[in-house]
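Ligands are counted one by one from 1 in listed order, and the atoms in each one are counted from 1 as well.
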Amino acid sequence: MMRQFELVDRVKRYLPEADEDLLNRAYVYAMKAHGTQKRASGDPYFSHPLEVAAILTDLRVDDQTIAAAILHDTIEDTGTTREDIAHRFGENIADLVDGLTKLKKLDLVSKKAAQAENLRKLLLAVAADARVLLVKLADRLHNMRTLHFVPPDKRARIAEETLEIYAPLAGRIGMQDMRDELEDICFRVLMPDAHMMMTQRLTALRERVGGLIEDIETALRARLAASHIKGEVKGREKRVYSIWRKMERKSISFEQLSDIFGFRVIVGSVEDCYRALGIIHQEWPFVPGRFKDYISTPKQNDYRSLHTTVVGPRHQRVELQIRTRKMDEIAEFGIAAHAAYKEGPADGEVPPSSNAYSWLRKTIELLAEGDNPEEFLEHTKLELFQDQVFCFTPKGLLIALPRGANPIDFAYAVHTDVGNNAVGCRINGRNSPLISELHNGDEVEILTSEGQVPPAAWESMVVTGKARASIRRATREAVRKQFVGLGRRIVERAFVRAGKAFSEEKLVAALPRLARQTLDDVLTAVGRGEMYSGDVVKAVFPDFREESTKAGTAESGKGWFGVQGAEKLKFKVPGQEKQGASIPIRGLSDDLPVRFAPNGGAVPGDRIVGILTPGEGITIYPIQSPALMAYDEEPWRWLDVRWDVDEHDPRRFGAQLRLSMINEPGSLAEITRTIADTDANIANIAMRTKTADFHETVIDIEVWDLKHLNAIMSELRAKPMVANIERVIE
Ligand code: MN
């Protein structure tokens with residue numbers, strides 16, 4: 001166990017002005033508080049907070065954070081209170097310890113929603129002070145290092161949580177080493193066989209290449225020295241988990257040295273980075289497509305470096321990272337390397353505003369807007385795991401987005417208003433659909449029009465949480481306004497019918513009788529069909545007697561105006577077995593009405609698209625429908641939708657067939673019998689004589705799906721009196 005003076009020494013080595021007294025007092029206080037408590041390993045409990053503090057000294061955090069780390073489990077596990085810590089160590093440290101205590105209570109919850117909530121709390125706590133996150137990560141790292149002492153049944157759950165949340169988080173804020181170590185431990189716990197296999201192959205490969213690493217280091221050093229560049233060269237073995245992930249992702253085997261070893265060249269200045277790169281490329285042929293300049297375009301977590309791969313000594317591919325000392329520190333320690341939590345870095349080697357912080361800020365903004373924790377987890381996980389694409393505004397502002405993002409995401413990343421008012425876009429000068437996937441380097445110009453409401457269906461097309469949350473908020477607000485407007489019309493009409501004068505004041509006075517808080521609440525309820533307008537009149541004029549009208553919600557609109565709750569997504573397919581069931585289609589959200597194209601509709605199995613009509617709704621067409629040509633010039637109206645049929649609750653869908661038949665007695669009877677035999681319903685038959693010999697028949701049938709429809713068509717085609725048969729799609 002690290003002793004008191006050792007801890008103080010470690011801190012003083014990088015922070016000479018550290019408050020020695022503070023560290024000593026925290027040490028003694030925590031030691032006494034934890035007393036004889038033991039960890040699962042049998043070690044005194046106090047060894048844990050000390051190890052956490054030691055990890056943090058490697059990250060060179062300030063003395064307050066170290067003190068908080070020593071104290072981090074006292075409130076949770078001992079009789080200590082927040083007040084006591086505040087009294088002895090000040091409000092700052094008390095806040096840090098308190099934040100960590102709250103996070104700890106949320107640890108080890110395996111249920112998904114609970115885990116999401118956990119992450120949300122974690123980030124909110126970080127919002128108050130990013131140092132909480134650093135201590136939390138160090139705490140998790142030490143717990144993972146000692147995970148083998150924990151009962152086996154708990155290990156997997158902890159490892160999963162770590163792999164899903166903490167490791168990506170560490171990576172996201174630039175603490176690459178911590179991420180690597182966390183991932184490797186999780187890998188070992190969750191996939192022991194794969195871990196063993198990787199380790200063995202690594203050992204074998206290492207033996208095979210012998211002194212090659214040293215040879216390459218020597219060759220690199222010699223080239224730099226010959227060009228008078230002062231620098232350091234380090235060979236470094238990659239982590240098994242990152243090799244494994246790469247193998248999995250690209251389904252490749254690892255045989256090349258470059259898969260396993262990376263070399264790092266650390267030089268004195270940005271200029272030397274580029275000079276060193278030039279020298280290396282002159283000496284050894286570089287592998288095309290592998291060069292990346294993260295110095296001019298840093299990663300979102302502030303990572304900066306030049307990356308290249310060359311065919312080096314002994315014809316081995318060699319992966320190189322070239323960067324300055326400062327960049328190297330940031331690559332290893334992330335936000336911790338920005339050392340000054342109060343004042344930003346000022347040496348020009350680091351971007352003026354820390355992207356790690358700005359990411360956290362954005363995430364926190366999103367938290368304030370989000371409503372469903374599970375959804376939040378999903379998006380955050382998505383964003384944490386995905387690579388980035390970098391796009392530019394026409395003015396050259398860099399917008400970093402997760403891979404798979406589209407111009408709608410881009411628009412919301414620029415500003416919520418830009419997103420809400422977006423009507424189209426130009427990518428690299430060309431008019432493009434708003435749902436095009438963006439690529440690195442795209443210049444994106446968003447075309448806007450004032451006073452738009454984003455279509456609710458956008459929500460399912462964006463990948464960034466910010467866009468999703470904003471769309472949801474804007475559509476919810478728009479729908480609410482529609483309900484209020486609709487409710488107002490219904491209520492006003494009800495007063496007219498009752499021969500009473502409508503006044504807002506009187507209605508407000510009657511709110512308690514209606515058990516609602518505000519006028520808008522009442523109007524919304526009426527608009528949604530949850531409250532009967534006659535009851536509103538009665539609440540205002542209690543002596544009013546209604547005649548005979550039992551209107552109910554019948555007046556709350558229908559058809560295209562069906563945004564109301566009662567009508568919402570309920571659409572009658574002609575003759576369908578269960579009327580009023582919702583449309584079984586994914587990719588839509590429930591704020592816009594949906595209908596099938598009126599004639600020759602789609603059946604499950606058809607590829608379908610939705611066409612958006614702003615302010616009205618979405619119409620579903622089969623992809624081969626000629627009607628779609630009308631929308632060719634308006635790609636933004638095209639929505640990617642999918643069937644989502646409930647197998648346990650099958651329904652029939654309407655389709656239309658056109659048959660050309662020989663004019664002979666009994667032919668129509670034969671056709672209808674065949675259709676009935678195949679378990680399809682006939683909804684309508686229209687016949688017309690074409691020539692003396694043939695007549696044409698259009699039959700509306702109801703089928704389960706495309707397979708069913710095709711089977712019927714081939715049955716009919718085989719009939720001798722059928723000359724031709726085709727499906728009608730309009
Ligand atoms: Mn702890």
Side-chain angles (χ1 to χ4, degrees), residues 1-2 7 10-11 23 26-59 61 63-82 84-85 89 93-110 114-115 118-119 121-126 128-151 154-155 157-167 169-170 175 178-179 181-182 185-186 189 336:
M1 198 156 64
M2 187 165 54
L7 176 73
R10 283 178 83 137
V11 178
L23 296 173
Y27 188 104
V28 173
Y29 184 84
M31 185 172 59
K32 279 190 189 152
H34 287 295
T36 56
Q37 287 174 348
K38 294 258 193 290
R39 295 205 92 206
S41 61
D43 287 339
Y45 194 94
F46 182 52
S47 66
H48 163 67
L50 271 188
E51 286 301 328
V52 174
I55 291 169
L56 287 165
T57 59
D58 289 339
L59 299 172
V61 303
D63 44 8
Q64 289 202 336
T65 312
I66 298 288
I70 299 170
L71 298 166
H72 83 269
D73 279 333
T74 52
I75 296 184
E76 173 70 11
D77 295 344
T78 76
T80 303
T81 61
R82 186 199 177 282
D84 196 26
I85 294 197
F89 301 101
I93 291 174
D95 280 345
L96 291 173
V97 177
D98 196 42
L100 287 155
T101 307
K102 287 182 185 132
L103 290 180
K104 178 154 187 211
K105 285 189 184 140
L106 294 156
D107 264 353
L108 305 185
V109 271
S110 58
Q115 200 184 37
N118 189 355
L119 179 62
K121 294 260 166 54
L122 172 67
L123 290 161
L124 285 172
V126 165
D129 195 328
R131 295 177 296 181
V132 173
L133 180 59
L134 295 180
V135 181
K136 183 68 208 173
L137 286 170
D139 178 41
R140 179 51 67 115
L141 179 59
H142 184 244
N143 286 334
M144 292 306 289
R145 281 177 182 171
T146 52
L147 192 64
H148 48 283
F149 294 113
V150 171
K154 285 190 186 162
R155 277 180 219 163
R157 210 177 52 192
I158 299 172
E160 269 166 24
E161 190 188 60
T162 304
L163 199 58
E164 269 186 5
I165 294 179
Y166 293 99
L169 205 52
M175 292 158 72
M178 182 173 296
R179 178 190 185 146
E181 188 177 349
L182 287 173
I185 299 171
C186 296
V189 172

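His48 meets the ring pair (Phe, Tyr, Trp, His ring centres under 6.0 Å) test with Tyr45, His72, His142; sequence neighbours excluded. Looking at residues two or more places apart in sequence or on another chain, you find a side-chain hydrogen bond (donor to acceptor under 3.5 Å, both in side chains) between Asp58 and Arg10.
Residue Asp73 approaches the Mn ion (ligand 1) most closely through its N/O/S atom OD2. Restricting Asp139 to its N/O/S atoms, the shortest distance to the Mn ion (ligand 1) is reached by OD1.
Taking each heavy atom of Ile85 and Ala94 in turn, the nearest pair found is CG2-CA, 3.8 Å.
Note on His48: counted as a metal contact of the Mn ion (ligand 1), an N/O/S atom lying under 2.8 Å.
For the residue pair Tyr166 and Asn143, no side-chain donor N or O sits within less than 3.5 Å of a side-chain acceptor on the partner.
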